[in-house]
2 protein chains.
Amino acid sequence: MDQNNYIGAMTLKAKIADIAKIAGLSVASVSRILNGRGRYSEETAKRVRQIADDIGYYKNRSASDLARQSNNTFGVVYTNSETHFSEPLIKGIMGQAATDKLDVIIMIGKRDDEQGLTKIVQDMIERRVFGLLFLSIQPSQSIIDILNHANIRALVVGSATEHDVSYISSDDFQIGYQATQFLIDKGYQRIGLAGMDVQRDYVGLQRYQGYRQALKEANMKAAEGLVHSGNFSYHSGITAATYYTNEQSVDAVIGASDEVSLGLLNGFHDLGVQVPKQVGLISIDGTELCEQSRPKMTSVTQNFQLMGTRAVREFMALEDSHNKIETVTIPFEIETRNTTKQD
Amino acid sequence: MDQNNYIGAMTLKAKIADIAKIAGLSVASVSRILNGRGRYSEETAKRVRQIADDIGYYKNRSASDLARQSNNTFGVVYTNSETHFSEPLIKGIMGQAATDKLDVIIMIGKRDDEQGLTKIVQDMIERRVFGLLFLSIQPSQSIIDILNHANIRALVVGSATEHDVSYISSDDFQIGYQATQFLIDKGYQRIGLAGMDVQRDYVGLQRYQGYRQALKEANMKAAEGLVHSGNFSYHSGITAATYYTNEQSVDAVIGASDEVSLGLLNGFHDLGVQVPKQVGLISIDGTELCEQSRPKMTSVTQNFQLMGTRAVREFMALEDSHNKIETVTIPFEIETRNTTKQD
DNA sequence: ATGAAAGCGCTAACAT
DNA sequence: ATGTTAGCGCTTTCAT
């Protein structure tokens, strides 16, 4: 455990007992009224609520949660770097949480900081959240184990994972497959795939397999050189553009994320390669970045907000069971914009 | 108070008493050891820590906080919309929090959802956070009052505010002044100001006054028509570009945020107006968006990360005093990129 | 160095 | 409809 130096003294004075005394009631009655549980007359209730308001009473959640031996807040953890789609994800989550009267506390970590992530997870466990959502994060197996051991449901949302957790995401094989198919249908011949690690990254691997499958069905060869590795970042896109311009010619590229694709677009631009005239581009994600680039980017658009919504629904559905959460696949669509040939 | 329907049963079994029993100690000793407080032999400590690990013990923070009558977590609330600079802000905050061994819980609200914001603030109060940071949010006076009443320090970071809270931000008058000055020095004559409300928005007003001051000193008239209102969004930039193209000619524009400026850039592009050839552009904020646009955008670059760092430092410095936090101004700089004339 | 005991503020049977 | 009582799991004097 941590060597805390106590810092914040709790200065919030008003407690239930104070209200009880003023109202001439027992604390139990006040508690019931304030929580709308059990029986009480609406008349006294009014009085109590008034008093609570007057003296500036706020429930002490530590005490409440402790006594109740439960709570209704779940945790969300994510890294706010590189990728751009946490916004709709969060939107979906917060929306559903609100309608389900759940509280959510969020913590943000650094990408690839296993130690930091572990600390966050421990913190969440100490707070006894009833579930933990990982956004655009691949928790390590060791973290999963900790969570399992602590009997806390975990759910990865926004991307698939090979570890022993349930997840909610698009079908990445299909994303790779259909993006490729789309380009082939447009008549592209040499199709690059850029911005993710197709060997070590699980999502990358799935998409790569879809990509290969589509090529194979079209009797096209999947030359190794067509794939350029990266980490979903803008920078990955920039370097990939250089690569495709100087070392390996392509007539279209699939960008692993909107950031990668923007990097590709800018990289090509800087090198004097015209999109879509000389090379076509389709992005994966479909966030607002696609609308805010020039030309606007054609994309495989994922429904992140729905993923968020579904994520908290899954938690609710599992309320009291300890069953393993099932993996959920959310549909995506292809939106044609201006980085691919018009037909 | 809220009508909770209890949802998450706390299934985490191990408690200090269990460790105590196994170790043949009292709970008091175990508590001391686990918290590194008081006296104990390192020998037994080792044993205790081992046991804790073995049985998968995690401190119950509700119990701990309740007993201690204090805690060391502070809250951060922001809206993740429109504007783009929360990332460095958060980075600064998390970094400093980590070095100060503080926990932070984050909650995200919808912009302009006063009711939702109030709910979040109440939640934070119930959790007895010792301080609350508002990122890119202007809390209403009523929310400030609630916080004051509850004796919880509040701090607005990333933008100035006219309400009765301290804040950490750049000097917005100077931002307006120097951005304008910069353009004047470059030889621009008709300078637009776009993307914020210069009457109702406090930040907007400050910048506007700086803008006017600079124009005045250069003996230039601040024609009303040169200012185009907005809400810091990409869309504001788009509409402003149309306005400046069709209704009010300018030779340079100051964009109220990077999003606005990107909108301006794209809007001009779509209308066939060339930047910087026909119209110059300087953005305010200087996030990575400025590097990721083509052309890259000249900007007034604010130091958001430092603001975050300073924000939590301020909290710490105030530890036990109830003094009003002073307002802090963070320096900014102008970065010349490619949307303004070269000299 | 360790233990006993009280109490943090609240909730939940179980009375009445 | 309201009160009594016994905790929830932990921390913290105060003893020993």
Side-chain angles (χ1 to χ4, degrees), chain A residues 1-21 23-48 52 55-72 125-128, chain B residues 1-21 23-48 52 55-72 125-128:
Chain A
M1 220 81 333
D2 34 20
Q3 326 321 64
N4 310 329
N5 32 1
Y6 298 172
I7 101 129
M10 301 213 293
T11 31
L12 233 41
K13 12 49 205 320
K15 39 187 149 185
I16 280 193
D18 299 329
I19 301 179
K21 193 181 304 182
L25 289 172
S26 71
V27 292
S29 296
V30 175
S31 174
R32 271 185 238 111
I33 290 171
L34 258 20
N35 292 294
R37 245 188 294 285
R39 240 186 291 289
Y40 52 85
S41 86
E42 192 48 47
E43 212 167 330
T44 52
K46 272 215 182 63
R47 227 158 35 90
V48 165
I55 68 174
Y57 169 81
Y58 288 91
K59 162 193 281 181
N60 181 329
R61 270 176 110 107
S62 292
S64 175
D65 287 352
L66 180 59
R68 284 174 38 201
Q69 304 254 74
S70 81
N71 68 38
N72 43 253
I125 295 178
E126 291 185 357
R127 289 175 198 275
R128 298 297 189 269
Chain B
M1 221 82 331
D2 34 21
Q3 330 314 71
N4 311 329
N5 32 1
Y6 300 172
I7 101 129
M10 300 212 296
T11 32
L12 234 40
K13 11 56 210 310
K15 39 186 150 188
I16 279 193
D18 299 328
I19 301 178
K21 195 181 302 180
L25 288 172
S26 71
V27 292
S29 297
V30 176
S31 174
R32 271 186 238 110
I33 290 171
L34 258 20
N35 291 294
R37 241 188 296 287
R39 242 186 290 287
Y40 53 85
S41 86
E42 191 48 46
E43 213 168 330
T44 52
K46 271 214 183 63
R47 231 160 30 91
V48 165
I55 69 175
Y57 169 80
Y58 289 91
K59 162 192 280 181
N60 182 328
R61 269 176 110 107
S62 292
S64 175
D65 286 352
L66 180 58
R68 284 174 39 201
Q69 304 255 77
S70 80
N71 71 37
N72 44 253
I125 295 177
E126 291 185 359
R127 289 174 199 276
R128 299 295 190 268

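Letters go in sequence order (proteins before strands), and every chain restarts at 1.
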Checklist entry - Among D:dG9, C:dG3, D:dT4, which nucleotide sits nearest the side chain of B:N60? => result D:dG9
Item to check | Close side-chain approach of A:Y57 and A:L34, heavy atoms under 4.5 Å | outcome: yes
Checklist entry - Of the nucleotides C:dG3, D:dT2, D:dC8, which has the atom closest to the B:A28 side chain? => result C:dG3
Next on the checklist: The side chain of A:A67 is closest to which nucleotide in this list: C:dA12, C:dG9, C:dA13?
Outcome noted: C:dG9
Item to check | Nearest-neighbour nucleotide for the B:S64 side chain, C:dT11, D:dT11, C:dC8 considered | outcome: D:dT11
Item to check | Protein-nucleotide distance (B:R37, atom CZ; C:dA1, atom P), rounded to Å | outcome: 17 Å
Checklist entry - Think A:Y58 has a side-chain N or O under 4.0 angstrom from the OP1 or OP2 of C:dG9? => result no
Checklist entry - Quick check: are there more than 12 heavy atoms from other residues, nucleotides or ligands sitting under 6.0 Å from CD of A:E42? => result yes
Checklist entry - With nearest nucleotides of DNA chain C determined for A:A17 and B:T44 from heavy-atom distances, which residue corresponds to the more 5′ nucleotide? => result B:T44
Item to check | Closest to the A:R32 side chain, choosing from D:dC10, D:dT2, C:dC10 | outcome: D:dT2
Checklist outcome for this item: Here the distance between atom C1' of D:dC10 and atom CD of A:E126, to the nearest Å, is 12 Å
Item to check | Shortest non-hydrogen contact from A:I19 toward A:A52 | outcome: CD1-CB, 3.7 Å
Item to check | Side chains of A:N71 and A:R127 in contact at under 4.5 Å (non-hydrogen atoms) | outcome: no
Checklist outcome for this item: Between B:N72 and B:R61 the two heavy atoms that sit nearest each other are ND2-NH2, 4.5 Å
Checklist outcome for this item: Of the candidates D:dT2, C:dA12, C:dA5, the side chain of A:R39 sits closest to D:dT2
Checklist entry - Which listed nucleotide (D:dC10, D:dT12, C:dT11) is nearest to the side chain of A:S31? => result C:dT11
Item to check | Main-chain N/O of B:D65 paired to B:R68 side chain as donor or acceptor, under 3.5 Å | outcome: no
Checklist entry - Given that B:G24 and B:A63 both sit by DNA chain C, which one's nearest nucleotide is further toward the 5' end? => result B:G24
Checklist outcome for this item: From the candidates D:dT2, C:dC8, D:dC10, the one with an atom nearest any side-chain atom of B:K15 is D:dC10
Next on the checklist: Distance check needed: D:dC8 C1' versus A:I16 CD1, whole Å only.
Outcome noted: 15 Å
Checklist outcome for this item: Picking from C:dG3, C:dC8, C:dA1, the nucleotide nearest the side-chain atoms of B:Q69 would be C:dC8
Checklist entry - Given atom CD1 of A:I19 and atom P of C:dG9, what is their separation to the nearest angstrom? => result 13 Å
Checklist entry - For A:S29 and D:dG3, is the shortest distance between a side-chain N/O and OP1 or OP2 below 4.0 Å? => result yes
Checklist entry - Rounding to a whole Å, what distance do you find between A:K59:NZ and C:dC10:C1'? => result 9 Å
Checklist outcome for this item: Separation of D:dC8 atom P from A:R61 atom CZ, nearest Å, is 22 Å
Checklist entry - Can you tell me how far C1' of C:dT11 sits from CG of A:L34, to the nearest Å? => result 12 Å
Item to check | Length of the CG-P vector between A:L25 and D:dT2, whole Å | outcome: 6 Å
